[in-house]
Number of protein chains: 2
Amino acid sequence: MSPYDPSAFPPFAVTVDLVVLTVRHHALCALAVRRGEPPYQGRWALPGGFVRADEDLSQAAARELAEETGLRAQSGAHLEQLATYGDPHRDPRMRVVSVAHLVLAPDLPAPRAGGDARSARWAPVGSLLEQDGFDTAGEAAPLAFDHARILADGVERARSKIEYSSLATAFCPPEFTVGELRRVYEAVWGVALDPRNFHRKVTGTVGFLVPTGGTTTRQGGRPAQLFQAGGAALLNPPMLRPEV
Amino acid sequence: MSPYDPSAFPPFAVTVDLVVLTVRHHALCALAVRRGEPPYQGRWALPGGFVRADEDLSQAAARELAEETGLRAQSGAHLEQLATYGDPHRDPRMRVVSVAHLVLAPDLPAPRAGGDARSARWAPVGSLLEQDGFDTAGEAAPLAFDHARILADGVERARSKIEYSSLATAFCPPEFTVGELRRVYEAVWGVALDPRNFHRKVTGTVGFLVPTGGTTTRQGGRPAQLFQAGGAALLNPPMLRPEV
DNA sequence: GCTGTTTATCGTCAGGCAGACGACTATGAT
DNA sequence: ATCATAGTCGTCTGCCTGACGATAAACAGC
């Protein structure tokens, strides 16, 4: 057999799509870009693009992230592979397999539109997902392609991952207070947490938080101690997400 | 822009690779096939193959599973997507992106060699991974391609997933005893568990196990009650994996 | 039948952790 | 000065787990 027999396999296009999450105004938000060309022209979609011939998947995701947001995966943000979507008809033009990646970022300045996107914005995930599948009257339409499904999977991954890992700190600036971290959990899970029990839990988990010595009064009220993320990646025992 | 512009993106081959795990003789084993053609001819590899033009990824995985093992994903076995591997040089012939899937199956009769594989066997994951990356003297070589990495990721997924889900029952026949289920946990985690605490835990978790009424004495000793998997998918609170 | 071995199953107890919630502290606003 | 807001420290109770004793029901060998 020849070392390269293109007739032996069908050709695919491979893309990366990004679920970029942040917490803004006490709400979990995702980055959405408006499509400038068909199909789904004018509809909101997740940022993404083709993987280049000499690129690894994670490199492609980091490149797209930088192009769309100016964000570097190194600086605070967290990037991980999410899942791969390959329904034969997910793109009407051709056979496209998309390797979705999940990015958790601190609250950023306004996103900059880049690449082939007309514009970009942060949108609360609730509003992006609520009409999921129901195209009421053709307007306020849901995300393009299967991006609602991808976004939902990314949100669910984030919700479960902050339970047993220290990833919630990826939503925070380099220095943050216990209250700010609690508001991250509250926004991602959509619940209210007891400030006293939360404080006991996060300050009692070794390696989760390291005090920097400073204090801040950003949120009003009594000044709060400032922390930065500690070395621990896994929380043991985990944070417990309240039922319902 | 034309609806299909092949020059706009590099063509990829897309494959599915399978990490098929089972518990045999108190050891976690993976299905390995011997490669019948270059590259890596004669080396062990994970089963897998090209995704067809009209196939979804999970369909392709189920088809490959049936071809290699005669196993249907419906009947007891569990199949889920694991991760996607797309290093530009992971296959020396061409650009291949592989969507790995994880299969958890009960102990099966001898695997049947199918497809283009010369032979297939169950191998303890320890022996497949121990020389991971070290090609000592060129023999007893590790798995082909990046399959050692894929297998390691699959094993780690299985180890963590039986903590908080009822998936350990996928390693068991339709009816099983608490002791058999405990030996599954012990084999997957590589630890010894206290039979009394394990029994209390699994029988006390609602929806995990449903007694069938029968008993068996397969393992010797006092007859044990038979159970089948209950409806619950998630264990709450989870099984705790002892620290090393 | 009796004894030892094996596996299953039930109970007990102490320690750790989480939820509920009271109390106090330190800021800014009025 | 008083209030509102947010942060921090404690207490108490109940649940769950790990350690481990004790009993039950089969089989093997004498």
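In the text below, chain A, chain B and the rest are named by the order of the sequence lines, each starting its count at 1. Just so it is clear, the values below take in all heavy atoms, side chains as well, and ignore hydrogens, waters and symmetry mates. All values reported here derive from a predicted model rather than from experimental measurement.
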- Message: For a quick check, tell me whether the side chain of B:Arg222 and the base of D:dA26 share a donor-acceptor pair closer than 3.5 Å.
- Response: no

- Between B:Glu243 (CD) and D:dT17 (C1'), how many Å, whole number? 12 Å

- Query: Just how far, in rounded Å, is P of D:dC16 from CE of B:Met239?
  - Reply: 14 Å

- Item | A:Glu175 and A:Thr212 side chains, donor-acceptor separation under 3.5 Å | yes

- Between B:His199 and C:dA8, does any side-chain N or O lie under 4.0 Å from OP1 or OP2? no

- Any Lys/Arg nitrogen of B:Asp153 or B:Arg157 sitting under 4.0 Å from an Asp/Glu carboxylate oxygen of the other? no

- Task: Round to the nearest Å and state the distance from B:Tyr185 atom OH to D:dT17 atom P.
- Result: 12 Å

- If you find the nucleotide of DNA chain C closest to A:Gly220 and the one closest to B:Pro195, which residue's nucleotide is nearer the 5' end? B:Pro195

- Item | Position toward the 5' end of DNA chain D (nearest nucleotide), A:Thr203 or A:Gly221 | A:Gly221

- Task: Calculate the interatomic distance between B:Leu226 atom CG and C:dA8 atom C1'; express it in whole Å.
- Result: 12 Å

- Item | For atom CZ of B:Phe176 and atom P of C:dT7, their distance in whole Å | 19 Å

- Query: Looking at the side chain of B:Asn197, which of D:dG18, C:dC21, C:dG19 is the nearest nucleotide?
  - Reply: D:dG18

- In whole angstroms, how far is the P atom of C:dA8 from the CG atom of B:Leu181? 11 Å

- Item | Residue-phosphate contact under 4.0 Å: B:Arg183 side-chain N/O, C:dA8 OP1/OP2 | yes

- Item | Between D:dA26 (C1') and B:Gln225 (CD): distance, integer Å | 16 Å

- Any side-chain donor paired with an acceptor under 3.5 Å for B:His101 and B:Asp17? no

- Message: OP1 or OP2 of D:dC16 versus the side-chain N and O atoms of B:Lys201: is any pair under 4.0 Å?
- Response: no

- Message: From the set D:dT17, C:dG19, D:dC20, return the single nucleotide nearest to any side-chain atom of B:Leu240.
- Response: D:dT17

- Item | Candidate nucleotides C:dT9, D:dC16, D:dC20, ranked by approach to the side chain of B:Pro237 - the nearest | D:dC16

- Query: If you measure from CG on A:Leu226 to CZ on A:Phe176, what distance do you get to the nearest 0.5 Å?
  - Reply: 9.5 Å

- Using whole Å, report how far CG of B:Leu193 lies from C1' of C:dA8. 16 Å

- Task: Assess whether side chain to side chain contact (heavy atoms under 4.5 Å, CB included) is satisfied between A:Phe145 and A:Asp87, documenting all intermediate values.
- Result: CA-CA 11 Å; A:Phe145 304 110; A:Asp87 184 278; over 6 Å; no

- Message: Do the side chains of A:Arg241 and A:Glu156 get close enough for a salt bridge, i.e. N-O under 4.0 angstrom?
- Response: yes

- Report yes if at least one side-chain N or O of A:Arg218 is closer than 4.0 Å to OP1 or OP2 of C:dG28; otherwise report no. no

- Item | Selected nucleotide, minimal atom distance to B:Pro223 side chain, candidates D:dA26, C:dC13, C:dA20 | D:dA26

- Message: Regarding D:dG7, can its base be found pairing with the side chain of A:Arg196 as donor and acceptor, where the two atoms are less than 3.5 Å apart?
- Response: no

- Name the nucleic acid region contacted by A:Arg182, choosing base, sugar-phosphate or nothing; use a 4.0 angstrom heavy-atom cut-off, strictly under. sugar-phosphate

